[in-house]
Amino acid sequence: MPEGHTIHRAAQQSLLLAGGDVVVASSPQGRFAASAARIDGARLLRVDAWGKHLFTSFDGGELLHVHLGLFGRFATHEQLPPPSPTESVRLRLVGSRAALDLSGPTICRLVDPAGRDGVVARLGPDPLRRDPGGGERFATRVLASRAPIGALLMNQTVVAGVGNVYRAEALFLESLHPERPGRTLSVEATAALWQRLVVLLRDGVRRGAIVTIDPALVERPSGALRRGGATGTRRGRPATWVYGQQHCRRCAAPVRSWELAGRRCYACEVCQPPVGLTG
DNA sequence: ATACCATGAACAG
DNA sequence: TGTTCCTGGTATC
């Protein structure tokens, strides 16, 4: 499921697996058929991720803009020929080494450079892009705002690429209550929060999954470590401190969950005391 | 078979 | 603030 790490990983993967290739483009679902025809036979040149937005450029000048939304996903098939696409595959790109399937995106369209620039201009700093001024721009917005920090983190004009899981986990790890107004944070706390996002998202790209809690650090009845597979990616309890949890995995207090900025928010009010909240 | 839920965001009013 | 769109997995009858 997509937050910024998913998109940056998809950018890496598609460049690795299809960069430089002439691609066969199709839209098994049909909804992107006319546009796919314009990419078909073009060479995939570059892939660029900005927050949760992905831009793929082809020679001939076509530029593909993808946003996965809540349900979208990329699938890669490194064995050719790839299996038959399912009915919901919006776009399939087949290169010489792999096939890439896109399904369920909120946005999948061809844009011109001005369209791309317009999207990027509305995005805040992305913790996954090398941007020396990113932390400063983030801090400026946070420290000037009366909005809750838990809402600011979901605002893509404040910081691009953070979603509901990283919101919950970054605030937990920084001992910040989600309802604290941005301007009640200290400069130091704001800088630490930015750095936390950088580290968490980078780790998410590396793993291909959001794992914020080391499973080995969690008490287990048997004391046995899990073996095999990527920990945290199996179904069941997510590898998180508070996101989706009933109890805090650090102190075992009940995790409170409520709606904040249109999404369910999770916090341990013992580890994240509501300091400075007037109610 | 149906309902509901999920790591998102645009749009209406 | 509420509605809408995108898909698939799990829960509930």
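Please read all numbers here as calculations on a predicted model, not as lab measurements. Chain identifiers are assigned alphabetically (A, B, ...) following the order of the sequence lines, protein sequences preceding nucleic acid strands; residue numbering begins at 1 within each chain.
- Comparing the C1' positions of B/dA1 and C/dC6 gives a spacing of 22 Å, expressed to the nearest Å.
- The listed nucleotides are C/dC6, B/dA6, B/dG8; the one nearest the side chain of A/Tyr243 is B/dA6.
- For A/Gln245 (side chain) and A/Thr240 (main-chain N/O), a donor-acceptor pair under 3.5 Å exists by modelled atom type.
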ask   = Does the salt bridge (Lys or Arg N to Asp or Glu O under 4.0 Å) test come out yes or no for A/Arg207 and A/Asp203, once each step is laid out?
value = CA-CA 6 Å; A/Arg207 291 178 184 267; A/Asp203 186 66; 2.8 Å; yes

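- Relative to the side chain of A/Gln156, the nucleotides B/dT7, B/dA9, C/dC6 differ in distance, and B/dA9 lies closest.
- Backbone-only engagement by A/Ser88 is indicated by non-hydrogen atom pairs under 4.0 Å involving sugar-phosphate atoms exclusively.
- Protein atom NZ of A/Lys52 is 9 Å distant from nucleotide atom C1' of B/dA9, rounded to whole Å.
- A/Arg202 CZ: 12 or fewer foreign heavy atoms inside a 6.0 Å radius.
- Taking the P atoms as reference points, C/dT4 lies 15 Å from B/dC4, given to the whole Å.
- C/dG9 and B/dA9 are spaced 22 Å apart, taking the P atom of each and rounding to whole Å.
- Following rounding to the nearest Å, A/Glu87 (CD) and C/dC6 (C1') show an atom-to-atom distance of 16 Å.
- Neither OP1 nor OP2 of B/dA6 sits under 4.0 Å from any side-chain N or O of A/Arg263.
- Nucleotides B/dA10 and C/dG8 are separated by 22 Å at their C1' atoms, to the nearest Å.
- In this structure, A/Phe71 does not pack face-to-face on the six-membered ring of C/dC6, missing the 5.5 Å centre cutoff or the 30° plane limit.
- Within the structure, every side-chain polar atom (N or O) of A/Arg73 is placed at least 4.0 Å from both OP1 and OP2 of C/dG8.
- Atom CG of A/Leu197 is separated from atom P of B/dT7 by 17 Å (rounded to the nearest Å).
- At the heavy-atom level, A/Arg90 lies under 4.0 Å from the strands shown only through sugar-phosphate atoms.
- Atom NE2 of A/His65 and atom C1' of B/dA9 are 12 Å apart (whole Å).
- Taking the six-membered ring where tryptophan is involved, the planes of A/His65 and A/His53 are essentially parallel, since the angle between them stays under 30° and well short of 60°.
- Across C/dT3 and B/dC5, the matching P atoms stand 15 Å from one another, rounded to whole Å.
- A/Arg122 comes within contact range of no nucleotide atom at all, as no heavy-atom separation falls under 4.0 Å.
- In this model, no donor atom of one side chain and acceptor atom of the other lie less than 3.5 Å apart for A/Arg92 and A/Ser26.
- Between A/Leu102 atom CG and C/dG8 atom P the separation is 11 Å, expressed in whole Å.
- A/Gln29 comes within 4.0 angstrom of sugar-phosphate atoms only, judged by non-hydrogen atoms across all strands, and of no base.
- Rounded to an integer number of Å, the gap from A/Met1 CE to C/dT7 P is 13 Å.
- Rounded to an integer number of Å, the gap from A/Leu70 CG to C/dT4 C1' is 13 Å.
- A sub-4.0 Å separation between OP1 or OP2 of B/dA9 and a side-chain N or O of A/His67 is present.
- Atom C1' of nucleotide B/dA10 and atom CG of A/Asn155 are separated by 14 Å, given to the nearest angstrom.
- The number of heavy atoms from other shown groups lying within 6.0 Å of CD (A/Glu259) is above 12.
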